[in-house]
2 protein chains.
Amino acid sequence: MINTRFSVAIHILTLVATNSDKGVTSNFIAGSVNTNPVVIRRIGSLLKKANLLKGGPGVAGYSLVAEPNKITLLDIYRAVTTGEELFAVHDQPNPNCDVGKNIQSSLDISLTRAQQAMENELNKQTLADIIQHLSIQ
Amino acid sequence: MINTRFSVAIHILTLVATNSDKGVTSNFIAGSVNTNPVVIRRIGSLLKKANLLKGGPGVAGYSLVAEPNKITLLDIYRAVTTGEELFAVHDQPNPNCDVGKNIQSSLDISLTRAQQAMENELNKQTLADIIQHLSIQ
DNA sequence: ATTTATTGTAACCATTATAGTTACATTTTG
DNA sequence: CAAAATGTAACTATAATGGTTACAATAAAT
């Protein structure tokens, strides 16, 4: 299971997008996510490195760098999973076995396709879609 | 990152498929995967519950229930991730916040699509594809 | 029948990841 | 200068993961 940083990151960006009038502080966000403000700042830090969020020490609250319909879920996913693979593959299969010798590259072909398919779908959806789904419950 | 049980499960089934003459024991498999036989038997147990493998106490080695081209990677994925979601969502968002109140169902819509896309791709690939990739390195 | 080899599973352990927390330096605003 | 934020290091508790030992249960071979 992929950890909650991705869903929390989406939550953060959604709050910033829908409260652009107020100062959306880590404290405010933590109250909505129901966690500690440091957890928010930690993920906020990743989102800033990915150029999705603005803000900094002294500045009260975060703001978006781009419009919600320009921020894809893939952008957010990549921000919080900095380049890691979706599927782990076991380390040291036996090189003296025909299967062990080649299984990693064989797995790589298939698992990369699955990851690609997921990322393609994330790339079709934006923060604006998330916001829209909020209202039509 | 998804744990190595999935890739080890594929490795196990590949060995069983390509060594149907010999008795493919947990010991033999462990030597190829490079782990402890109990780890293999543990995953083997899941694959038996999913009706992908045959074998049992007293019987030396495992054998396949179906032909490799009838076993999809999705079958294997489902066997080792017994029904759990791909993406974790944080637990208790604040119900007194418009975003917190609805974010879980909004996330569910989007993340389910991404999981579906991945599973659709896994469903297109079979154990036979894995075996074929082994030889064309 | 007895021996042998094997699987199934419980129990335990070490390592790692995760999320929460405290503390404090840094920075901007007023 | 004071107040209010953020950034980040450091520490903690909890849980997941994979490895290991141990042993009961089973089937095959002799």
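In what follows, chains carry the letters A, B, and so on, assigned in the order in which the sequence lines appear, proteins first and then strands, with residues in each chain numbered from 1.
Every residue two or more places apart in sequence or in another chain was checked for a salt bridge (Lys or Arg N to Asp or Glu O under 4.0 Å) with B:Arg5, and none qualifies. Under the rule for a side chain to side chain contact (heavy atoms under 4.5 Å, CB included), the partners of A:Ala30 that lie at least two apart in sequence or sit in another chain are A:Pro37, A:Ile40. Every residue meeting the side-chain hydrogen bond (donor to acceptor under 3.5 Å, both in side chains) condition with A:Arg41, not counting sequence neighbours, appears here in chain and number order: A:Ser26. Checked against salt bridge (Lys or Arg N to Asp or Glu O under 4.0 Å), B:Asp108 has no partners two or more places apart in sequence or in another chain. Scored by the side chain to side chain contact (heavy atoms under 4.5 Å, CB included) test, A:Asn123 finds A:Thr72, A:Leu74 as partners (sequence neighbours excluded). Under the rule for a ring pair (Phe, Tyr, Trp, His ring centres under 6.0 Å), B:Phe28 has no partner lying at least two apart in sequence or in another chain. Scored by the side chain to side chain contact (heavy atoms under 4.5 Å, CB included) test, A:Ala79 finds A:Leu47, A:Ala50, A:Leu52 as partners (sequence neighbours excluded). Residues that satisfy the side chain to side chain contact (heavy atoms under 4.5 Å, CB included) test with B:Asn36, not counting sequence neighbours, are B:Val38, B:Val39.
Contacts of A:Gly61 with the nucleic acid, taken as non-hydrogen atoms under 4.0 Å apart, involve only primed sugar atoms and P, OP1 or OP2. In this structure, B:Arg5 reaches the sugar-phosphate backbone alone: every heavy-atom distance under 4.0 Å involves primed, P, OP1 or OP2 atoms, never a base.
Mapping heavy-atom proximity under 4.0 Å, the span of DNA chain C touched by chain A runs 5' to 3' from C:dT18 to C:dT28. Of all nucleotides in DNA chain D having an atom under 4.0 Å from a heavy atom of chain B, the first and last in 5' to 3' order are D:dT17 to D:dA27.
Nearest-nucleotide assignment on DNA chain C puts the 5′-proximal partner with B:Ala60, out of B:Ala88 and B:Ala60. Heavy-atom nearest nucleotides on DNA chain D were determined for A:Val59 and for A:Met1, and the one closer to the 5' end corresponds to A:Val59.
The list of salt bridge (charged side-chain N to carboxylate O under 4.0 Å, His left out) pairs with a residue in residues 45-73 of chain B, not counting sequence neighbours, is empty.
With contacts defined as side-chain heavy-atom distances shorter than 4.5 Å, the pair B:Asp98/A:Leu134 does not qualify.
Interface residues of residues 8-41 of chain A facing DNA chain D, ordered by number: A:Thr25, A:Ser26, A:Val38, A:Arg41; criterion, heavy-atom separation under 4.0 Å.
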